[in-house]
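First the structure, in the form of structure tokens, and then the observations on it.
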Amino acid sequence: MKKIPVIIDCDPGHDDMMALVLAYGSNKLDIRAVTTVAGNNTIENTTRNALNVLNYIGAKDVPVAKGFQDPIVRTHKAVMERMAAARRETMTEEQRKEQSKITGALAHGVTGLDGFSFPENNPKQIEPIRAVEMMAKVLRESQEKVTIIPTGPLTNVGLLIRAFPDLLPKIERISLMGGTSEFVLTRPFMEFNTLVDPEATKIVFESGVPITMYGYDVTYRVLCGVDTIDRMEALGNQTGKMAAALLRFFMERHNKNLKQLHLKDVTPIHDACAVAGVIDPSLVTESRMLHVDIETSGQYFDGATICDYAGCLGLPANVEVVYNMDTPRFLDMLVESAGNCL
Ligand code: RIB
Ligand code: CA
């Protein structure tokens, strides 16, 4: 069966790592490029992490192009400070210290991918063009339409849409991890990826390109437990051991920092959901076409995804919002894909 051409735009990140393992190990996707963006960590760290993961799992030929440190209009630092300030009153002193090192550290550690040490001297290097140029190059040169899978803030995709509108017809779909409709993690309508670059998010959601949104509504339902991590580790290959170590770290951080969710020894793998839905759309068991707008000058939080799930705005639906997936099949796909890697 012909592989589906995709571009993965990510900010590794533990769940981004799993998205890359799934995308490469599934043998169903033709990964034309991986592009990086600052989000979970700085652009230097997310890019280094992407190179390390791809080299380690065997995806040595997948080109990687580096994005930018800052969102389109705001600065990463300012957004992180505002996000931290909004949570400060609920943080312990230890969490404040951790958060102050680098934002995203609470979930992903100071390197953006704490919990596993990759070999030094990774031979894999970034391409000599920037992320948005790489995206345009892939779209321009592709014979068929390409699916874009953003698993971090939407800066690169927003820039692509603004800079190369003539290439939009070459995009099959944007299958993104981001946003939230009804699930509240820390504030209503708030999800990390869409908050980092509200203006880019608005550009993407208003682009007219078909969008499937895998937000917290589904990613905090499709949870990975210790049994799945143990299965990954039992594969015996280096990818299985690496993924298991990183997911254990990610799970521990959820246990420690998201006590309000009363989750115990389970972890979301947010970004892998957006990849899994491209590999096999039948995994999506519940979704709705909704009008989704993005707050960019709000009192509470810019980047919030305002999902009109009551249909009261009378505006056309522009996004397929996913609410549930077949968890057992999703988890089996993760383990199987890890087993197909180095
Ligand atoms: O809110 C979850 C998203 O933010 C995931 O993509 C995670 O990797 C972080 O980027
Ligand atoms: Ca991510």
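Note that the structure is predicted; figures quoted are calculated from it, not measured. In listed order, ligands and their atoms are each counted from 1.
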Protein contact to [atom] [nearest heavy atom, distance to 0.1 Å]:
atom                   : value
atom 9 (C) of ligand 1 : N40 OD1, 3.0 Å
atom 6 (O) of ligand 1 : D271 OD1, 2.5 Å
atom 5 (C) of ligand 1 : D15 OD2, 3.2 Å

Side-chain H-bond candidate by donor/acceptor type, [X] with [Y], under 3.5 Å:
X    : Y    : answer
S181 : R288 : no
N255 : D265 : yes
N40  : D16  : yes
D114 : T111 : yes
E320 : T212 : yes

Are Y309 and Y323 close enough that their ring centers fall under 6.0 Å? no
Just jot down the ligand 1 atoms closer than 4.0 angstrom to any heavy atom of [X], in number order.
X    : value
N193 : 3 (C), 4 (O), 5 (C), 6 (O), 9 (C), 10 (O)
T151 : 6 (O), 10 (O)
F192 : 1 (O), 4 (O), 9 (C), 10 (O)
D16  : 8 (O)
Y216 : 1 (O), 2 (C)

If I take every N, O or S atom of T151, is at least one of them less than 3.0 Å from the Ca ion (ligand 2)? yes
Do you see an N/O/S atom of D16, backbone or side chain, under 3.0 Å from the Ca ion (ligand 2)? yes
Below the 3.5 angstrom mark, is there an N/O of H270, backbone or side chain, next to an N/O of ligand 1? no
I8, V21: one ILVMFWY side-chain cluster at the under-4.5 Å cut-off? yes
Heavy-atom nearest neighbour of atom 1 (O) of ligand 1 within options M177, E191, M18: E191
Is it the case that R82 places NZ or CZ above or below the six-membered ring of F301, under 6.0 angstrom from the centre and within 45 degrees of the axis? yes
Could you grab the angle centred on the Ca ion (ligand 2), going from OD2 in D271 to OD1 in D11, to 10°? 140°
Is the ring pair Y216/F183 parallel, tilted or perpendicular, if the boundaries are 30 and 60 degrees? perpendicular
